[in-house]
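Atoms within each ligand, like the ligands themselves, are counted from 1 in listed order. Only this structure's heavy atoms are used, side chains among them; waters, hydrogens and symmetry mates stay out. Numbers for residues simply follow the sequence, beginning at 1. Small disclaimer: the values here were computed from a predicted structure and weren't measured.
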Amino acid sequence: MSLTRRHFLVSAAATGLAPAAAHGAGPVALTAAEGVARLTPEPYGPTRVWAYDGTAPGPVIRLRRGGRVTRRLINALPQPTTVHWHGIRIANAMDGVPGVTQEAVSPEADFLYDFDANDAGTYWYHPHVRSWEQVDRGLSGALIVEEEAPPEVDRDEVLLLDDWRLDEQAQIHDSFDSMHDRSHAGRIGNHVTVNGNPAHGLTVRRHHRLRLRLVNAANARIFDIGLKGLAGWVAALDGQPLAVPEPMTRLSLAPAQRADLVLDVTEDEADEAFLISHERGGDFALTTLRIDGAARPARLAEMRPLPPNDLPPIAGLDGAATATLTMEGGAMGGMRAAVLDGVETDIRELVRSGRAWALNGVAGVPEAPLLTARLGQTVRIALVNDTAWPHAMHLHGHHFRMVGKDGSFGPLRDTVLLDRQARGEIAFVADNPGDWLFHCHMLEHAAAGMSTWLRVV
Ligand code: C2O
Ligand code: CU
């Protein structure tokens with residue numbers, strides 16, 4: 001008799017193999033499978049995508065701080081996969097990195113993700129296997145952890161921004177291993193959606209206060225965000241509240257970055273307001289806010305900062321574990337050779353293996369960590385971008401701060417955009433034991449060599 005997936009799940013629960021099932025209802029499934037989505041207007045048909053629970057982007061997972069996320073990933077894809085919970089501080093074993101924190105989940109297999117959500121904020125989830133293909137095909141979703149006492153707003157909305165490279169039939173271009181994308185700006189799409197919708201809209205009232213949780217789920221596109229008929233603050237970046245909310249005028253949102261905007265509808269005449277994407281080819285509306293009905297009776301007052309999560313403060317930089325991370329390669333970079341699988345390899349052979357970049361001379365995840373830090377130790381990493389391209393460097397398991405030339409600290413982030421030829425330094429307290437990736441979140445760059453890791457013991 002061949003066991004069907006259903007039978008397997010039932011018997012796994014019955015034999016106690018699924019720990020969360022013991023508490024009652026059993027774990028909720030998160031199924032990754034092929035599906036279709038309406039990414040384009042008529043007369044185009046639906047687009048074949050890869051979806052979580054049948055939708056692209058996947059369902060918003062929303063819970064209160066202190067709650068538990070329990071999802072049994074069921075892999076119905078034609079490839080192995082995992083789920084990485086981007087930006088939220090969780091146990092290393094739940095981080096979803098194949099070959100580092102778990103084995104990749106084979107087609108037809110499943111894996112239980114189960115962790116406490118101790119930090120409030122806007123996070124997201126996506127695969128960490130062939131992420132440049134799997135994320136691009138539609139596998140991403142928002143993970144929202146609400147504060148115990150959220151700020152007063154009229155609407156709290158997730159806006160997951162993404163771009164797609166579609167052909168004339170509105171189908172996803174099968175050019176995932178393009179060496180041009182890998183060695184240049186990454187895979188930039190020709191079609192932008194918000195929550196999978198090419199003409200995303202919300203209906204609001206005048207003077208409404210909105211909390212917009214922006215997630216950039218695109219592989220490589222940097223969004224340059226502006227407002228029309230709206231005014232307010234940036235309240236949090238990468239899930240972590242700003243100590244002092246900043247007036248929101250224009251915001252650069254690199255791949256994987258998030259921003260919580262708290263905005264009032266200030267438009268007094270027209271019946272629409274907009275969240276805008278500024279593009280070289282012309283600005284366009286990401287989200288259109290249709291203003292309808294009577295105005296909100298009274299405007300809300302200034303906003304207070306969101307309550308901080310308890311991340312360990314950086315007490316000082318003395319005694320820190322330090323490293324320098326030098327980025328090389330890419331188009332116009334002139335890199336001649338790098339280490340590939342432990343062997344010094346010339347650029348022609350690197351390109352044949354799909355590599356175009358190196359971190360500290362190594363193209364791909366190195367054998368040895370960038371550094372090893374003791375639990376509780378401060379870490380400083382100097383970032384040197386010796387390439388002609390910007391990079392969105394993402395650290396797993398921790399939030400860091402940029403260190404200014406004068407020693408001042410920037411806001412907490414998990415992904416930082418380092419401009420071409422730029423220098424920077426990050427610092428953080430290594431408070432989460434395990435092996436953690438540190439990679440470019442322009443996913444083609446990560447695939448082509450821009451990945452390393454560090455160890456916290
Ligand atoms: Cu959002 Cu290593 O990833
Ligand atoms: Cu990069």
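- Residues Asp260 and Thr122 have side chains that bring a donor and an acceptor to within less than 3.5 angstrom of each other.
- The N, O or S atom of His391 with the smallest distance to the Cu ion (ligand 2) is ND1.
- Paired with His394 under the rule ring-ring contact (aromatic ring centres under 6.0 Å, His included), one option of His399, His439, His126, His128 passes, and it is His439.
- In this structure, CG on Asp114 lies 10.0 Å from CZ on Phe111, to the nearest 0.5 angstrom.
- Checked against the 6.0 Å centroid threshold, Trp389 and His445 do not count as a close aromatic pair.
- Geometry about the Cu ion (ligand 2) gives an angle of 130° between SG of Cys440 and ND1 of His445, rounded in steps of 10 degrees.
- Defined by atom type and a distance below 3.5 Å, a donor-acceptor pair is present between the side-chain atoms of Asp283 and His278.
- Using a cut-off of 2.8 Å, one finds that His396 contributes no N/O/S atom close to atom 1 (Cu) of ligand 1.
- In summary, no N, O or S atom of His84 is located under 2.8 Å from atom 2 (Cu) of ligand 1.
- The N, O or S atom of His86 lying closest to atom 1 (Cu) of ligand 1 is ND1.
- His441 lies close to atom 1 (Cu) of ligand 1, since one of its N, O or S atoms is found at a distance under 2.8 Å.
- Rounding to 10 degrees, one finds that atom 2 (Cu) of ligand 1 sits at the corner of an angle of 110° between His128 NE2 and His439 NE2.
- Taking the ring centroids of His191 and Trp164, they lie at or beyond the 6.0 Å cut-off.
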